[in-house]
Amino acid sequence: MENNSKRKKRRILPILICLIGVIVIVYAFIEESIRSNPLSQNGENRGPSEGIQASIDELDWITPMFLTRNPNSRPGTKLDEVKGIVIHYIGNPNTTALQNRNYFENLATTKETSASSNFIVCLDGSIIQCVPVDEVAYASNNRNNDTLSIEICHPDYTGEFTEASYNAAVTLTAWLCVQYELTTSDILRHYDITGKECPRYFVQNEEAWMDFKTAVAIAIRNMDSDEKGALR
């Protein structure tokens, strides 16, 4: 009887080892599947914009100053996709990007309107990001759900941009186009969506608008993706 018992144990041992091996392999497969799944741990679809936002966070020429989530300027609604870049001008001449960012922030309290922008380019060419690129900003009416918005500061009522703000807007627009595989045909004025005179100088001067898009096209060609958007 003892010999039979020992023989049974010897037979069972290899089976147990095989079972443990199978369990380890299955566990490793499940873990790898979870790691490679494009869903985050809470089940939300991460999508391409989350990776692009991570790249923006590493850029030294954009300052993220995200608005507090609120119904009037940063609802937190995820973008459906990004099919275009919309150019705007700030309604108040000779104001800074920070002043306009703070105006958007204060809408959470005043609730006087709904307005915001993904980016604001200052008179000196510095750039503030108000809303992440995977979220809706209240800037472009019926195109809020599939575009990113860029507000540009200007010194006077003509709406003409400073050289610094113009160049920064060109670089930012080109960088976003590269990230989302867009072309200059996907760059719009607010005017092209609603007929509003915005950005005023580009609406009143069609040639200047075409020159801006040409400058963006040149910047796209010169963009060095290995340097995270720095121009050669």
For this session: Verify, without hydrogens or angle tests, whether E160 (side chain) and Y201 (backbone) share a donor-acceptor contact under 3.5 angstrom.
Result: no
Problem set entry | Residue list, side chain to side chain donor-acceptor pair (under 3.5 Å) with Y180, at least two apart or on another chain | S49
For this session: Give a yes or no on whether the backbone of Y157 and the side-chain of R200 come within a donor-acceptor separation of less than 3.5 Å.
Result: yes
Problem set entry | Backbone of N118 reached by a side-chain donor or acceptor of S149 within 3.5 Å | yes
Problem set entry | Sole residue of I187, D186, L182 in side-chain contact (heavy atoms from CB on, under 4.5 Å) with T184 | I187
For this session: Measure from the side-chain N and O atoms of N167 to the backbone N and O of E163, and report whether any donor-acceptor pair falls under 3.5 Å.
Result: yes
Exercise. Between R74 and E105, does a salt bridge (charged side-chain N to carboxylate O under 4.0 Å, His left out) hold up when you go through it step by step?
Worked result: CA-CA 9 Å; R74 187 190 168 191; E105 178 69 22; over 6 Å; no
Seminar exercise, completed: Note: H154 and Y89 closest approach over all heavy atoms is NE2-CD1, 3.0 Å
Problem set entry | Salt bridge flag under 4.0 Å for residues R189 and E206 | yes
Exercise. What are the two closest non-hydrogen atoms of D134 and K78, and how far apart are they?
Worked result: OD2-NZ, 2.9 Å
Exercise. Are the side chain of S117 and the backbone N or O of I120 linked by a donor-acceptor pair below 3.5 Å?
Worked result: no
For this session: For P199 and I87, work out which heavy atoms get closest and say how close.
Result: CD-O, 3.3 Å
For this session: Please confirm whether the backbone N or O of V131 pairs with a side-chain atom of Q129, one donor and one acceptor, at under 3.5 Å?
Result: yes
Exercise. C153 pairs by side-chain contact (heavy atoms from CB on, under 4.5 Å) with which of N100, N94, V121?
Worked result: N100
Exercise. Is a side-chain N or O of T162 found less than 3.5 angstrom from the main chain of S165, in a donor-acceptor match?
Worked result: yes
Exercise. Does S73 offer a backbone N or O that forms a donor-acceptor pair with the side chain of N70 under 3.5 Å?
Worked result: yes
For this session: Heavy atoms only: give me the nearest D146-L79 pair and the separation to one decimal.
Result: N-CD2, 4.1 Å
Exercise. Any idea how F212 and F202 line up, ring-wise: parallel (<30°), tilted (30 to 60°), or perpendicular (>60°)?
Worked result: tilted
Problem set entry | Over all atoms of both residues, closest heavy-atom pair of Y138 and P71 | CE1-O, 3.2 Å
For this session: Examine distances only and state if a side-chain atom of D192 and a backbone atom of L188 form a donor-acceptor pair shorter than 3.5 Å.
Result: no
Problem set entry | For the student: nearest non-hydrogen atoms of A139 and S116, plus distance | CB-O, 3.2 Å
